[in-house]
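Here is the structure we will look at.
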Amino acid sequence: MSNNNSPEDFPNFLNNPVETVAERLLGCFFERNLGGRRMLARIVETEAYDEGDAASHSHRGRTARTEVMFGEAGYLYVYFTYGMHYCCNVVTGEAGHGSAVLIRAVEPVEGIDSMEERRGLHGRNLTNGPAKLCQALDIDLRLGGHDLREEPLRLLTGELLPGESSTCTTRIGISKATELLRRHYIAGNPWVSRH
DNA sequence: GTCCCGATCCCCT
DNA sequence: GGGGATCGGGACC
């Protein structure tokens, strides 16, 4: 992996249409510092959401919950769902436009023991779902609105590896705008939630 | 104020 | 493959 994880590695493409960003986030990293323990995870599956999209939390306009989605790119939008799960999104686009990319699956790279401890299991189910990865990386509402250039959770740029390619399909777990091809994942990657 | 349902996961079969 | 867990947001009264 050609990645030396310096702070300058923050992605410079977040201020683009959300489906473009969703694709380009594939291969980027979350670097989580938890009490001095470092975890690194590679993004392998994403979904794009924005205002014009009936499935998006920003579709009905600004609310206290979704305010972060309408802010500047590069911040974290976290929501709580089904009474017990958290999911996280990278805010994209210009301020005033409510768009974000849901991170649906990551591939553990470093600090795997720490993730396993938090999840209470090991193997494929560690991070192959949006709420699973939040539990593994200890992401909850306390990180809502967090600047992803800063500790303790940073977004670092990354690329697809030679031989890898991305695929685009319809999104998962939604009932509106089900026809849109706004789910992106790295083809064949074992950490993707569903192939 | 009340009601409904969700960008889900896990355990059981 | 199905259902239960569990709670906050948003719609409507």
Side-chain angles (χ1 to χ4, degrees), chain A residues 14 17-26 28 30 41 43-71 73 75-93 97-108 112 114-146 148 153 155 166-186 189-195:
Chain A
L14 298 181
V18 68
E19 51 263 64
T20 303
V21 180
E23 181 173 10
R24 294 195 61 183
L25 281 174
L26 297 176
C28 294
F30 272 150
I43 297 170
V44 298
E45 180 179 351
T46 62
E47 284 180 357
Y49 289 90
D50 76 354
E51 285 178 56
D53 166 6
S56 174
H57 290 174
S58 60
H59 185 62
R60 295 175 203 278
R62 293 180 186 237
T63 66
R65 178 178 61 146
T66 59
E67 186 61 28
V68 186
M69 283 186 78
F70 291 86
Y75 290 78
L76 193 71
Y77 169 51
V78 182
Y79 66 88
F80 179 77
T81 191
Y82 293 100
M84 61 186 82
H85 297 301
Y86 299 97
C87 296
C88 71
N89 301 249
V90 174
V91 174
T92 69
H97 182 71
S99 58
V101 173
L102 172 68
I103 308 302
R104 277 197 59 87
V106 298
E107 173 180 345
I112 297 175
S114 184
M115 300 181 206
E116 290 175 340
E117 192 176 304
R118 199 161 301 96
R119 292 276 295 134
L121 52 78
H122 54 83
R124 203 141 290 148
N125 288 327
L126 195 58
T127 55
N128 65 346
K132 297 178 188 182
L133 70 92
C134 283
Q135 187 183 12
L137 298 177
D138 197 37
I139 294 171
D140 62 25
L141 293 176
R142 293 170 300 177
L143 283 173
H146 173 72
L148 290 168
L153 177 65
L155 178 65
S166 65
T167 301
C168 186
T169 68
T170 56
R171 295 172 293 184
I172 293 175
I174 56 170
S175 54
K176 299 164 196 154
T178 54
E179 75 286 358
L180 299 180
L181 298 175
R182 289 191 137 195
R183 170 177 175 244
H184 299 263
Y185 61 91
I186 300 178
N189 185 288
W191 298 93
V192 168
S193 65
R194 286 192 216 169
H195 288 96

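Excluded from the calculations below are hydrogen atoms, water molecules and symmetry mates; all remaining heavy atoms, backbone and side chain alike, are included.
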Write down the partner of B:dA7 under the Watson-Crick or G-U wobble criteria, each distance required to be under 3.5 Å.
none
Can you tell which of B:dA7, B:dC9, C:dG10 lies closest to the side chain of A:Arg65?
C:dG10
Could a donor-acceptor pair under 3.5 angstrom be found where the side chain of A:Tyr82 meets the base of C:dA5?
no
Out of the candidates A:Val106, A:Leu126, A:Leu121, only one should pair with A:Met115 under the side-chain contact (heavy atoms from CB on, under 4.5 Å) rule; please name it.
A:Leu126
Testing A:Thr170, A:Ile174, A:Asp50 for side-chain contact (heavy atoms from CB on, under 4.5 Å) with A:Arg182, which one passes?
A:Asp50
Heavy atoms only, 4.0 Å cut-off, all strands: where does A:Ile174 land among base, sugar-phosphate and nothing?
sugar-phosphate
Minimum-distance pair of heavy atoms, taken over all atoms of A:Cys87 and A:Pro130:
SG-CB, 3.8 Å
Grab the CZ-P distance between A:Arg124 and B:dC10 for me, whole Å please.
15 Å
Identified side-chain contact (heavy atoms from CB on, under 4.5 Å) counterpart of A:Glu45 within the set A:Ile172, A:Asn189, A:Thr167:
A:Ile172
Stacked pair A:Tyr49-B:dA7, distance under 5.5 Å, angle under 30°:
yes
To the nearest Å, give me how far apart NE2 (A:His59) and C1' (C:dG9) are.
16 Å
For atom CZ of A:Phe80 and atom P of C:dA5, their distance in whole Å
15 Å
Taking only N and O in the side chain of A:His57, is any of them less than 4.0 Å away from OP1 or OP2 of C:dG9?
no
How would you label the contact of A:Arg183 with the nucleic acid (heavy atoms, under 4.0 Å): base, sugar-phosphate, or nothing?
nothing
Please check the phosphate of B:dC10 (OP1 and OP2 only) for any side-chain N or O of A:Lys132 closer than 4.0 Å.
yes
Figure out the OH/P separation between A:Tyr79 and C:dG10, and round it to whole Å.
13 Å
B:dC9, OP1 or OP2 - any side-chain N/O from A:Arg119 closer than 4.0 Å?
no
Just N and O in the side chain of A:Thr63: are any of them under 4.0 Å from OP1 or OP2 of C:dG10?
yes
DNA chain B nearest-nucleotide lookup for A:Leu102 and A:Leu121: closer to the 5′ end is A:Leu102
Taken to the nearest whole Å, CG/A:Leu126 to C1'/B:dT8 is 16 Å
How close or far is atom P of B:dT8 from atom CG of A:Asp140, stated in whole angstroms?
18 Å
Look at all strands and tell whether A:Ala131 reaches a base, only sugar-phosphate, or nothing, counting heavy atoms closer than 4.0 Å.
sugar-phosphate
Using a heavy-atom cut-off of 4.0 Å across all strands, would you classify A:Asn125 as base, sugar-phosphate, or nothing?
nothing
Check the distance between B:dA7's P and A:Glu179's CD and give it to me in whole angstrom.
15 Å
Look at the side chain of A:Asp140 and the backbone N and O of A:Arg142, then say whether any donor-acceptor pair between them is shorter than 3.5 Å.
yes
With heavy atoms under 4.0 Å as the rule, sort A:Arg171 into base, sugar-phosphate or nothing.
nothing
I'd like to know whether A:Leu153 forms a side chain to side chain contact (heavy atoms under 4.5 Å, CB included) with A:Phe30, so could you lay out the CA-CA distance, the side-chain angles of the two residues, the decisive distance to 0.1 Å, and finally the verdict.
CA-CA 7 Å; A:Leu153 177 65; A:Phe30 272 150; 4.1 Å; yes
Atom-pair distance (CG on A:Asn128; C1' on B:dC10), nearest Å
12 Å
Rounded C1' spacing from B:dC5 to C:dG3 in Å
16 Å
Would you indicate, yes or no, if C:dG10 has its OP1 or OP2 atom less than 4.0 angstrom from a side-chain nitrogen or oxygen of A:Arg60?
no
